Each structure stands twice: as C-alpha cells, then as structure tokens.
Protein chains: 2
Amino acid sequence: MSQKPFVSAQEVAERAGVSRSAVSRTFTPGASVSPETRRKVVEAAEALGYHVNHLARGLMRNESGIVCLIVSEMGTPYRSTLIRALTQQLQNAGKIAMLVNTDRSDGSVGLALRQAIRYRADASIILSGMPDKSITQLCLKNGQRLVLINRDDDQEGPFRINLNDAVAAGRLVTAFLRAGCRRLAFANSEAGTPSLMAREHGFVAAAKAMGLEVVVERYGPTAYESGRVLAQRLLTLSERPDAVFCATDLIACGFMDAARHQFSVSVPDQLCVAGFDDIEQAAWSSYELTTFAQPVEAIAREAVRWLGRVDAQDPSARDHSIRLDADLVWRSSIRGG
Amino acid sequence: MSQKPFVSAQEVAERAGVSRSAVSRTFTPGASVSPETRRKVVEAAEALGYHVNHLARGLMRNESGIVCLIVSEMGTPYRSTLIRALTQQLQNAGKIAMLVNTDRSDGSVGLALRQAIRYRADASIILSGMPDKSITQLCLKNGQRLVLINRDDDQEGPFRINLNDAVAAGRLVTAFLRAGCRRLAFANSEAGTPSLMAREHGFVAAAKAMGLEVVVERYGPTAYESGRVLAQRLLTLSERPDAVFCATDLIACGFMDAARHQFSVSVPDQLCVAGFDDIEQAAWSSYELTTFAQPVEAIAREAVRWLGRVDAQDPSARDHSIRLDADLVWRSSIRGG
DNA sequence: TTGTAGGCGTTATCAC
DNA sequence: GTGATAACGCCTACAA
C-alpha cells in the first residue's frame with residue numbers, strides 16, 4: 001500500500017505547529033516541556049497514530065532496551081516458567097525480551113549471541129548452554145551485559161546466578177534417613193551441567209558422611225523418558241534402592257510412573273522419591289512429588305535488578321555472582337514429613 | 001568503560017582501506033563486490049569484531065526483521081511448545097522473535113501491539129487474547145502484518161490460523177459410543193474463547209444428532225485445577241457420566257486425577273476421558289490420554305510462510321484464513337480403540 | 001566495481 | 001521552554 005506507513009516525529013511537529021525537538025521532548029521522560037506544548041503534541045500524535053521509533057532511539061542513545069534470552073528446550077516446564085518470569089520482569093522494567101532458540105550443537109550459543117549483538121541488545125541472559133570464552137569477551141567488549149543462570153562457571157565478567165544445589169541435595173539425605181530409607185540412589189541425566197553434577201555430588205557426599213553408599217545412574221537428557229529408563233536400571237538391581245533422588249522433576253515423574261505402572265513398586269511405601277525444580281506437574285496428585293523449588297521469581301528479579309544497575313561495569317560492583325536457596329517442598333512422595 | 005563500544009562500518013572501511021559502501025555491500029546479500037574487496041573487508045571486520053547494526057539497517061530498509069509474539073500464560077505446556085516452534089521457524093527464516101507477556105486485562109494486548117509498533121516489528125503473532133478492532137487497524141495502517149492463532153474472529157486484514165475444532169469434537173462422539181458410553185459430559189473452562197466454544201458446540205451437536213444429551217459444565221481458566229473442580233461437579237451427579245470430553249489436556253489431567261484419587265472412579269473402565277492439545281503430559285503413563293494433537297509445527301510453518309509472502313498486502317492473496325486439522329491420538333483413556 | 005552524497009527518525013547540544 | 005543543527009550507523013542512488 002503506502003510506501004511510508006509509519007508516521008514520524010516530523011509530521012507530528014508540523015501538525016502540532018511545533019518543532020521536532022518539542023515532539024521528542026514530549027516523549028522523553030524527565031524532559032522539560034510546557035503543558036501547553038505537550039498538549040498540542042500529544043493531540044497531534046494521537047490523531048496521526050504516532051509511535052516513537054525505538055530503532056532510531058536506540059541508535060542515538062546507544063541503548064536499545066532489548067534483552068536477549070538464550071534458551072534451549074524452551075517447551076520444558078521449568079524453562080518456560082523461567083522465561084515467563086523474565087519477560088514479565090523485563091517488561092515491568094521498561095525493557096523488552098528477544099527470544100533465541102539454541103540446540104545442543106556447539107556453536108549454537110555463539111550464533112545466538114552474535115544475533116544479540118547485531119540487534120544491539122543491552123544484555124543477554126543465558127539459560128542453557130555455555131558460550132565460548134571468546135564469544136563472551138566479544139559481548140562484553142561490545143558493551144553488552146551477560147547473565148548466566150544456573151551455568152556455574154568461573155568466568156569473570158558475566159553476572160552469574162546459581163543455586164545452592166549441593167547444600168540442598170545434602171539436606172535430602174537426612175529426610176530419606178528419617179523416612180527409614182537405607183539404600184540410596186541418584187538418578188541423573190547425562191547432560192552433565194554444573195547444576196546437575198552439584199546435586200549429585202552434594203547428595204553422594206552427604207550420604208557418605210552418614211556412612212551410606214549411593215548408587216548413581218546417568219542416562220539421556222533431563223526428560224521424562226530418561227526417568228523411565230533410569231527406573232528400569234535401578235529397580236532391577238538385586239539390592240533394590242528404597243530411596244531415589246532424581247536430578248530434575250521431569251526425571252522424577254518418569255521414574256515414578258515406571259516404578260508404579262511397570263514394576264508395581266509403591267511410592268512412598270516401598271520407595272521414596274524426590275526431585276528438583278518444583279514444576280507444576282510435581283504438585284499434581286498423580287505425583288505429589290517432594291522436590292526443591294527453583295526460586296524462579298527471585299532469579300528473574302535479581303537478573304533484571306543487575307541489568308538496571310548503572311554501575312554494573314564498575315569494578316567496585318564486583319559481586320558478579322549470587323547464590324540463591326532452593327527450598328524443599330514437602331509432599332507425599334517421601335514417607336513421614 | 002569505553003564510550004563507543006560498538007565498532008561501525010566506518011572503522012572497518014578505514015582498516016580495510018576501502019569505502020563505507022564497500023563494507024555495506026559486503027554484508028548485503030546479492031550486492032556486487034569483487035572477491036578481493038570482500039576478502040579485505042571480511043578480514044578487517046573479523047579482526048575488529050564488527051557486526052551489522054540491525055537497528056540502523058531496519059531504519060533504512062523500513063524492515064526490522066523483528067516479529068512480535070504476544071502471549072499470555074506462556075508457562076503452560078501447549079503455549080510454550082508453540083512458542084518454541086515459532087521462534088525456531090522464525091530463526092530459520094532469518095527473523096527474530098520478540099516476546100511480550102499479556103495478562104487477562106482488557107488493554108493488555110493493545111499495549112503489547114503498541115510495543116511492537118515502537119520497535120517497528122514487521123509482524124505480530126497473537127497467541128492469546130483479542131485485540132481491539134481499532135488497534136488492529138492501527139497495526140495494519142502501520143504496515144505491520146498480523147497473525148491470529150486460534151483466535152477465531154472475522155476481522156478482515158489479519159491472517160487467521162484456526163483448527164477444525166468442531167469437526168474434531170464431533171468425531172469423538174462416535175468414539176465414545178463405540179466404547180459403550182451413553183452418558184456424555186463436556187468439561188470446559190469459563191474462558192469462552194472461540195476455540196473452546198467450538199469444541200463444546202461441535203461435541204454437543206454431534207451427540208444430539210445421535211440422540212444423546214450432553215451435560216456441560218464450565219469453570220475457571222484452562223488449567224489443571226479447573227479439571228479437579230469440574231470432576232467434583234460432574235462426578236457427584238446422580239446420573240454420573242461415563243464419558244467426558246475435556247476442552248484441554250490440562251483440564252483432562254486434573255479431571256482424571258480427581259476421578260481416580262478422590263472419587264475412586266476407574267479410567268477407562270468406569271469413565272472414558274478425552275482431551276485436546278496433546279501436551280507432553282498426555283503421553284505420560286499416569287494419564288495415557290486420548291486427545292487431539294495441535295499441529296504445532298504446521299501452525300508455525302504456515303504463520304512464517306505467510307509472513308514471507310511478498311504479496312501479503314495484495315488483495316488477490318486474500319486467503320486470509322486457514323484451517324488445519326487436529327488429529328486424534330489414541331491412548332488408553334478410552335476403552336477399545 | 002567502486003566511491004560520494006544524502007537521508008532514514010531519533011536524541012543531544014547549544015544557542016535563544 | 002523552545003528551535004535549529006549535528007550526530008548515530010546504515011543503505012541506496014548516482015556518478016566515476
């Protein structure tokens with residue numbers, strides 16, 4: 001249709017009988033405009049359907065308002081919940097989220113970060129995968145802030161939000177013991193991310209401190225199906241475990257289903273189960289899963305708060321890492337409680 | 001740190017010993033550059049860490065490459081799956097997704113669309129809620145393309161992707177009858193979106209054609225908890241239903257759980273259950289839910305395909321609406337099969 | 001094929 | 001408080 005569909009500040013200025021600057025000021029919070037001018041401008045803008053062009057604004061200000069969310073497996077319950085929290089908090093802070101899908105391939109996160117740079121995103125938040133160190137440096141050099149969520153890693157520069165995975169996992173041993181369990185198992189995925197490994201190691205270490213050995217089994221991605229396979233392996237052992245800690249809720253759900261429907265093992269009577277994440281399904285009455293709650297809202301809040309800090313580049317603000325607690329949510333998949 | 005963190009085409013040009021235009025052409029597909037110049041430019045760009053500024057490019061081309069996804073309840077299984085498919089396909093098509101959260105409030109979608117306009121998004125895809133007709137017009141007037149997914153509505157202009165909800169729902173009656181069911185029920189949410197209502201009406205109409213009455217109950221949002229409440233209502237009737245069609249899988253899961261654990265009703269022996277969406281959980285062995293599959297990939301493909309069509313504004317391309325089929329996925333929540 | 005010049009819509013700076 | 005003017009980084013004629 002029309003070649004120039006968008007209406008510019010120029011046109012608004014003409015219609016309102018003022019200068020372009022006046023229009024600009026009207027839409028810039030904290031600028032000084034007389035009520036009279038403002039009224040005229042707003043009126044003209046309304047009539048013409050004017051909207052500030054954030055592309056041009058970003059160009060000038062060197063600040064786009066865009067934050068890039070880099071995620072894999074975003075259809076997963078925990079991931080999608082985190083995305084929701086992040087986009088919501090970003091919106092509240094006047095920013096906007098860009099979403100980039102990554103897969104398991106190596107260069108995937110790097111490609112995503114390049115995309116973020118091209119759109120001059122003020123920051124990138126990485127929920128999955130790890131960027132190459134060189135890419136990280138490229139981002140930082142380009143003035144982009146980086147947030148890593150649950151990607152435990154010791155790079156300087158990015159802001160890292162992690163959980164006290166090991167501590168949480170350790171606490172679970174006590175809970176299992178109180179329930180009368182003695183043959184402990186840990187069901188992990190093969191993904192081998194720092195969070196997952198911290199849970200495993202924390203659990204094993206705490207058990208050892210109590211004089212207990214833990215059978216550890218690892219398989220596949222962090223998914224429901226992996227839980228089924230892990231159950232197959234662990235529940236056919238001659239010394240069948242009477243308590244299993246699954247690295248994520250999805251694994252736990254698969255594990256419980258296989259235990260009950262395939263091996264006729266009763267939970268929690270014959271087997272106590274715990275998970276991690278507190279996804280919505282953990283509360284469903286088919287599972288009633290005892291699990292650790294990811295502090296999703298707190299994670300999102302901390303991330304956005306850090307992005308808003310003017311002194312984030314400031315060396316004095318080098319609390320570049322934060323650890324949050326994952327609280328245990330008691331449900332009936334563990335006896336007692 | 002540095003005031004001007006981003007490196008511009010100008011700097012690349014200087015380092016490569018060519019003009020700014022040469023740099024621009026190098027990064028514009030289909031422009032004519034000699035291999036020699038291209039090599040020099042690419043080399044310099046690599047060394048400096050240059051990335052085309054899509055903000056500036058969008059400004060010039062009047063085409064940002066941004067597509068805005070407008071969603072509510074994005075933590076929900078079906079929604080997050082659709083978001084994943086859309087972002088993936090958009091990326092494949094060289095575009096990038098912006099994500100905007102809406103809530104139930106009335107102006108919410110309008111606000112989101114304004115945001116899309118400010119960032120000069122090439123298009124907006126609406127997965128939840130309905131925009132005001134005036135807002136829709138504003139978008140179209142601003143050269144923005146609009147896609148409505150499962151928002152059945154007769155506005156001209158937006159491209160609408162819908163399912164054959166009523167047809168699908170009707171087919172289910174036959175299935176229930178074959179399983180020997182006679183007392184049919186429909187468990188719906190109060191949301192009252194066109195898709196949900198189409199499923200309800202299609203089911204009721206098909207049953208009536210078979211000479212059967214359907215008990216319809218509506219409650220709350222399309223969520224697990226609503227399913228539990230609906231079960232409470234429907235399973236305490238003096239004439240207890242022996243088949244229930246739930247408007248979504250989430251409702252169905254809640255319904256099944258309440259039926260089994262609260263009312264000790266056996267599924268499918270005493271009660272056949274069906275859902276809609278085919279979320280991941282429907283396949284979990286605690287549910288084994290017979291349901292209709294949302295053709296998520298096809299929806300995403302069609303949306304992106306339409307966005308890529310140059311003639312989308314062309315009146316001759318007024319197949320502004322498309323209907324896809326939802327295939328029935330047979331699992332054991334209905335007898336027989 | 002290459003370089004030069006002008007403009008996209010905005011904001012910041014500086015006079016007034 | 002207001003209006004001109006100069007950037008911001010890029011693309012696209014147009015001329016060489």
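The figures that follow rest on heavy atoms only: side chains count, while hydrogens, waters and symmetry mates do not. Within every chain, numbering begins at 1; the chains are lettered A, B, ... in the order of the sequence lines, protein sequences first and strands thereafter. Here the structure is a predicted model, which means the values were calculated and not measured.
Remark: the backbone N or O of B:Ser134 is not paired with any side-chain donor or acceptor of B:Gln137 at under 3.5 angstrom.
Residues B:Asp122 and B:Lys95 are paired through a salt bridge, judged by an N-O separation under 4.0 Å between the basic side chain and the carboxylate. B:Arg104 and B:Glu73 are joined by a salt bridge, as a carboxylate oxygen and a charged side-chain nitrogen come within less than 4.0 angstrom of each other. Under the 4.0 Å criterion applied to side-chain N and carboxylate O atoms, A:Lys40 and A:Glu43 are not assigned as salt-bridge partners. With respect to A:Glu297 and A:Arg84, a salt bridge is recorded, a charged nitrogen being found less than 4.0 Å from a carboxylate O.
Mapping B:Arg120 and B:Ser21 onto DNA chain C by nearest heavy atom places B:Ser21 at the nucleotide closer to the 5' end. Mapped onto DNA chain D by nearest heavy atom, A:Arg20 and A:Thr37 fall at different nucleotides, with A:Thr37 at the one closer to the 5' end. Heavy-atom nearest nucleotides on DNA chain C were determined for B:Ser34 and for B:Ala56, and the one closer to the 5' end corresponds to B:Ser34.
At a threshold of 4.0 angstrom between heavy atoms, the contacts of B:Val23 with the nucleic acid are absent. The residue A:Ser24 sits close to a base: some heavy atom pair falls under 4.0 Å. Within the nucleic acid shown, B:Tyr50 comes within 4.0 Å of sugar-phosphate atoms alone, with no base atom in reach, counting heavy atoms only.
Distances from the side chain of B:Ser8 to the nucleotides C:dG9, C:dT13, D:dG9 place D:dG9 closest. Distances were taken from every side-chain heavy atom of B:Met60 (C-beta onward) to each of C:dT1, C:dA12, C:dC8; the shortest belongs to C:dC8. When each of D:dT12, D:dC8, D:dG3 is scored by its nearest atom to the side-chain atoms of A:Leu59, the top-ranked nucleotide is D:dC8. When the nucleotides C:dG3, C:dT10, D:dG9 are ranked by their closest atom to the side chain of B:Ala22, C:dG3 comes out on top. The B:Ser19 side chain lies nearest to C:dT4 when the options are D:dC10, D:dT2, C:dT4. Distance from the side chain of A:Ala9 is smallest to C:dT10 among C:dT2, C:dT10, D:dT2. Listed candidates were D:dC10, C:dT10, D:dG3. Nearest to the side chain of A:Val18 is D:dG3.
Following rounding to the nearest Å, B:Phe6 (CZ) and D:dC10 (P) show an atom-to-atom distance of 11 Å. To the nearest angstrom, P of D:dA4 lies 12 Å from CD of A:Glu14. Atoms NE2 (B:His51) and P (D:dC8) sit 20 Å apart, rounded to a whole Å. Note: CG (B:Asn53) to C1' (C:dC8) measures 13 Å, nearest angstrom. Between A:His54 atom NE2 and D:dC8 atom P the separation is 21 Å, expressed in whole Å. When rounded to the nearest whole Å, the span between CG of B:Asn62 and C1' of D:dT12 equals 14 Å. The distance between atom CZ of B:Arg118 and atom C1' of C:dG9, rounded to the nearest whole Å, is 16 Å. Atom CD1 in A:Ile117 sits about 15 Å away from atom P in D:dG9, given to the nearest Å.
A heavy-atom distance below 4.5 Å is not found between the side chains of B:Ile126 and B:Val147.
Between B:Arg57 and the phosphate of D:dC10, there is no side-chain N or O to OP1/OP2 separation shorter than 4.0 Å.
B:Phe6 carries A:Arg120 over the face of its six-membered ring, with the cationic atom under 6.0 Å from the centre and within 45° of the normal.
The base of D:dG3 lies close enough to the side chain of A:Arg25 for a donor and an acceptor atom to sit less than 3.5 Å apart.
Considering every non-hydrogen atom in both A:Leu163 and A:Arg323, the closest pair reads O-NH1, 2.8 Å.
For the helix from C:dT1-D:dA16 to C:dC16-D:dG1, the rotation axes defined at the first and last 5 base pairs enclose an angle of 30°, given to the nearest 10°.
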